[in-house]
Student: 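Please find one structure pasted underneath; my questions will follow.
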Amino acid sequence: GSKMAELRQRNINNPKTDVQEPATVAKKKKEDPNAGKTPMEIAQERYRKFFTRSIWGAFMIIFFSGILYTHHVLCAVFVVILQIAVYKELLAVRYQEAKEKNIPWFRTLQWYFLFVTFFYVHGQTALGLMSHANAKRFHSFHVIGSFWLYVIGFLAFVMTLKKGLYKYQFGQLTWSVMTLLLVVVQSSVIINNIFKGLIWFLLPCSLIICNDIMAYFSGFFLGRKLIDRPLTKLSPNKTWEGFVGALFFTVAFGYFFAAFLAQFDWMTCPYRPELQPISEIIPNLFKPTSPCPIDPAFRSTLHQFPDVVVSFLQTIGINKVGIEVMPIQLHGIVLALFASIIAPFGGFFASGIKRAYRIKDFDSLFPGHGGVTDRMDCQFIMGLFAYVYLSYWVNPIFPTSSQILNSISLLPMEDQLYILRQLNQTLLGL
């Protein structure tokens with residue numbers, strides 16, 4: 001009893017207890033942006049954000065559609081611009097002006113390493129688009145040029161090291177390298193998808209967009225009504241209702257949208273540089289793509305039901321042994337499942353970065369959406385999966401005729417003549 005009385009007396013005499021309550025309230029207000037608002041004000045703010053997000057989302061979809069209607073090469077350029085924008089935003093996350101103003105050329109070096117990575121990664125893609133003569137000349141210095149460009153950057157970095165800032169400089173270098181790996185290297189395969197047919201670029205991107213939109217709408221109208229806890233602690237605003245609803249709508253969208261896109265030659269035909277060189281792209285920018293042989297993935301085929309299903313259908317008066325679908329529709333379902341279950345972790349990864357550095361968005365370029373990184377966080381891993389899926393399960397990796405000819409042109413004349421003799425023997429044998 002005496003101890004309790006002593007504690008009570010101590011609380012009365014301690015002035016700090018009078019200060020702690022307002023600080024606690026202020027902290028709660030900071031954590032909860034809706035603290036102190038009426039339900040009407042909260043609802044108005046919520047719908048205002050909803051309409052802002054919807055309008056800007058529609059604008060971005062229209063702009064993206066306009067880019068797609070041009071040409072494979074311009075779509076590839078658009079991807080490169082996105083890579084630059086994401087790299088810029090991620091560098092800004094860890095930028096500390098007070099430290100970097102004392103490090104000459106350090107910020108320039110970060111952009112220099114982006115240029116070196118572009119030269120090496122996209123240079124390999126450019127080789128397949130060049131004529132045989134240009135490819136031979138470019139290949140002769142591409143690899144060695146990439147090496148010496150890297151060496152110059154490496155030496156420059158070591159020479160800019162400054163006492164007292166070593167830890168910051170190496171931390172920034174590590175951040176830059178990881179950003180280049182996750183952004184440029186990972187998303188460079190998206191350009192390969194584009195050249196294999198715009199459908200392999202548009203379909204995966206559209207599935208991510210659909211999943212994001214339907215997750216937002218499902219969460220907006222149904223969130224926390226069935227499961228009253230967030231989907232993940234990294235993104236407390238994401239709900240289980242939004243996740244499940246988006247999964248359902250995205251799979252359905254992938255099945256039907258894939259069939260819709262398969263009708264158009266400009267979507268399904270790959271880019272053939274031997275038929276349309278780079279120099280002819282601008283004059284023919286908005287002209288229809290020349291027809292190409294129809295890939296088996298875009299032809300309807302009969303998929304038979306198991307005997308048990310056929311028997312069941314016959315018992316209820318339905319005489320059907322199978323269903324005609326295009327393989328691309330089944331591929332659309334697989335891509336949709338990945339877009340709904342795995343790709344969102346790209347968003348969770350980005351949310352982890354924002355929480356670690358206490359920022360709401362990577363930029364404020366798009367009202368209601370944030371920056372380019374906020375919109376592309378799931379697209380990169382989705383594009384990588386589409387490339388792997390396309391290369392190993394849809395169209396196994398085989399070099400194109402243009403790539404083969406470019407490779408042959410790099411060989412010594414003796415080896416070229418040997419290949420010619422072997423081809424003559426093979427073709428005459430037919």
Side-chain angles (χ1 to χ4, degrees), residues 57-58 60-62 64-72 75-76 78-79 187 189-215 217-218 243-271 288-289 291-305 320 322-344 346 376 378-397:
M60 286 188 286
I61 290 174
I62 293 171
F64 180 59
S65 302
I67 295 292
L68 283 169
Y69 195 67
T70 55
H71 195 276
H72 299 75
C75 289
F78 176 64
V79 172
S187 62
V189 297
I190 296 176
I191 296 177
N192 293 327
N193 296 343
I194 290 172
F195 291 138
K196 290 180 180 179
L198 287 174
I199 190 171
W200 300 111
F201 171 57
L202 177 58
L203 182 59
C205 289
S206 300
L207 291 172
I208 292 294
I209 295 171
C210 173
N211 186 263
D212 185 59
I213 292 173
M214 298 317 300
F217 276 92
S218 300
F243 178 79
V244 175
L247 172 64
F248 172 79
F249 283 108
T250 306
V251 170
F253 176 79
Y255 179 82
F256 293 106
F257 191 57
F260 172 75
L261 294 179
Q263 304 175 72
F264 307 103
D265 288 334
W266 64 282
M267 274 283 127
T268 60
C269 289
Y271 173 56
T289 304
C292 60
I294 300 176
D295 190 280
F298 309 120
R299 290 198 188 110
S300 294
T301 55
L302 179 65
H303 294 264
Q304 293 189 340
F305 296 138
K320 203 165 187 179
I323 183 173
E324 279 199 7
V325 297
M326 288 183 282
I328 186 63
Q329 293 178 270
L330 303 181
H331 299 321
I333 292 176
V334 175
L335 293 171
L337 289 172
F338 187 91
S340 302
I341 299 172
I342 306 297
M376 297 297 296
C378 301
Q379 293 286 5
F380 291 150
I381 192 170
M382 185 69 210
L384 181 61
F385 173 73
Y387 172 77
V388 172
Y389 183 79
L390 174 61
S391 300
Y392 290 93
W393 284 285
V394 182
N395 292 322
I397 296 177

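Throughout, residue positions are numbered sequentially from 1 according to the sequence presented.
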Student: Assess whether side-chain contact (heavy atoms from CB on, under 4.5 Å) is satisfied between H331 and W200, documenting all intermediate values.
Tutor: CA-CA 10 Å; H331 299 321; W200 300 111; 4.3 Å; yes
Student: Verify the ring-centre separation between F253 and F249: is it less than 6.0 angstrom?
Tutor: no
Student: Using a 4.5 Å cut-off on heavy atoms from C-beta on, say whether the side chain of F195 contacts that of I191.
Tutor: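 Yes; the side chains approach each other to less than 4.5 Å.
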Student: Return the minimal non-hydrogen interatomic distance between G245 and S218, and the atom names on each side.
Tutor: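 Scanning both residues, the minimum pair turns out to be CA-OG, 3.8 Å.
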Student: Looking at OG1 of T250 and CZ of F257, how far apart are the two atoms once the value is rounded to the nearest 0.5 Å?
Tutor: 12.5 Å
Student: Does atom CZ of F248 have more than 12 heavy-atom neighbours from other groups under 6.0 Å away?
Tutor: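 No, not enclosed.
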Student: Are L68 and F78 packed together at the side-chain level, in the sense that at least one heavy-atom pair is separated by less than 4.5 angstrom?
Tutor: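 Of all side-chain heavy-atom pairs linking F78 with L68, none is under 4.5 Å.
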Student: Is the shortest side-chain heavy-atom distance between M382 and L335 below 4.5 Å?
Tutor: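 With C-beta onward as the side chain, the pair touches.
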Student: Output the distance between atom CG (L390) and atom CG (L203), rounded to the nearest 0.5 Å.
Tutor: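 These two atoms lie 11.0 Å from each other.
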Student: Looking at CD1 of I323 and OG1 of T301, how far apart are the two atoms once the value is rounded to the nearest 0.5 Å?
Tutor: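 The CD1 atom of I323 sits 10.5 Å away from the OG1 atom of T301.
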Student: Counting only N and O atoms by type, is there a donor-acceptor contact under 3.5 Å from the side chain of N193 to the main-chain atoms of G383?
Tutor: yes
Student: Could you walk me through whether I199 and F264 pass the side-chain contact (heavy atoms from CB on, under 4.5 Å) test, one step at a time?
Tutor: CA-CA 9 Å; I199 190 171; F264 307 103; over 6 Å; no
Student: Output the distance between atom NE2 (H72) and atom CH2 (W266), rounded to the nearest 0.5 Å.
Tutor: 9.5 Å
Student: Report, as yes or no, whether the 6.0 Å neighbourhood of atom CZ on F256 holds more than 12 heavy atoms from other residues, nucleotides or ligands.
Tutor: no
Student: What residue among S206, C378, P344 forms side chain to side chain contact (heavy atoms under 4.5 Å, CB included) with N211?
Tutor: P344
Student: Quick one: does K196's side chain get under 4.5 Å of S391's, heavy atoms only?
Tutor: yes
Student: Can you name the nearest heavy-atom pair linking A297 to V394, along with the distance?
Tutor: CB-CG1, 4.5 Å
Student: Check the surroundings of atom CD1 in I294: do more than 12 heavy atoms from other residues, nucleotides or ligands lie under 6.0 Å from it?
Tutor: no
Student: Can you list every pair that meets side-chain hydrogen bond (donor to acceptor under 3.5 Å, both in side chains) and has a residue in residues 255-264, with sequence neighbours left out?
Tutor: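 Sorted pair list comes back empty.
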Student: Answer whether the closest heavy-atom distance between the side chains of P270 and C292 falls below 4.5 Å.
Tutor: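 The answer is yes, as the side chains (C-beta and beyond) meet within the 4.5 Å cut-off.
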Student: Out of curiosity, S340 OG to F243 CZ, how far, rounded to the nearest 0.5 Å?
Tutor: 7.5 Å
Student: Nearest heavy-atom pair of Q329 and A258: which atoms, and what distance?
Tutor: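 Heavy atoms only, the tightest pair is CA-CB, 4.1 Å.
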Student: For a 4.5 angstrom cut-off between non-hydrogen side-chain atoms, does Y271 reach L198?
Tutor: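 A side-chain contact under 4.5 Å is absent here.
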Student: Determine whether I61 and I213 make a side-chain contact, defined as any pair of heavy atoms from C-beta on separated by less than 4.5 Å.
Tutor: yes
Student: Taking the side chain as every heavy atom from C-beta outward, state whether L202 and F64 have any pair of such atoms under 4.5 Å apart.
Tutor: yes
Student: Which heavy atom of L261 sits nearest a heavy atom of T268, and at what distance?
Tutor: O-CG2, 4.2 Å
Student: Run F201 and V79 through side-chain contact (heavy atoms from CB on, under 4.5 Å) and show every step you take.
Tutor: CA-CA 10 Å; F201 171 57; V79 172; 4.1 Å; yes
Student: Output the distance between atom CG (L337) and atom CZ (F385), rounded to the nearest 0.5 Å.
Tutor: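 Reported value, rounded in 0.5 Å steps: 9.0 Å.
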